[in-house]
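Read the structure below first, then the notes.
In this chain, numbering begins with 1 at the start of the sequence shown. Computed from a predicted model, the values in this text were never measured in an experiment.
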Amino acid sequence: MYIAKQQDLLMDIAHLIEEEATGTPEELAEQFGLTDKMLRRYITHLRAMGADIGYCTARNTYYFVKPLTFKFGFSPLEAGKAH
């Protein structure tokens, strides 16, 4: 259950980053009931997963430097690509 909650939180944060609607780091942390340190850890996780994340001080929001799609889960293999 804990992993599912973390997954949901990462997806929610990623969605707000995609929309460029996070607010300041403090506002984003408060929105999800996180400490600043915990929020930084989630941002670090997203970066470790390949997200190039910037922060705009003029607009007070995180944003994806390069467009990307964020997904969790399994996808079926293409036909003929079994182990």
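- Summarising the geometry, atom CD1 belonging to I53 is positioned 11.0 Å from atom OH belonging to Y63; distances are rounded to the nearest 0.5 Å.
- E30 contributes atom CD, which lies 12.0 Å from atom CG of L39 (distance to the nearest 0.5 angstrom).
- Smallest separation of non-hydrogen atoms from P25 and Y62: CG-OH, 3.5 Å.
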Let me see the working for I13 and I43 under side-chain contact (heavy atoms from CB on, under 4.5 Å), right down to the final yes or no. CA-CA 8 Å; I13 292 170; I43 298 294; 4.2 Å; yes

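- Atoms CE and CG, on M11 and D8 in that order, are 7.0 Å from each other to the nearest 0.5 Å.
- L34 and M38 make their closest contact through CD2-CE, 3.5 Å (heavy atoms, listed as atom of the first residue, atom of the second, distance).
- The structure places CG of L28 at 8.5 Å from OG1 of T61, a figure rounded to the nearest 0.5 Å.
- A distance of 12.5 Å separates CD of E20 from CG of N60, quoted to the nearest 0.5 Å.
- Applying the side chain to side chain contact (heavy atoms under 4.5 Å, CB included) rule to E26 yields the partners T24, D36; only residues at least two apart in sequence or on another chain are considered.
- Pairs passing the ring pair (Phe, Tyr, Trp, His ring centres under 6.0 Å) check and including a residue from residues 17-48, sequence neighbours excluded, do not occur.
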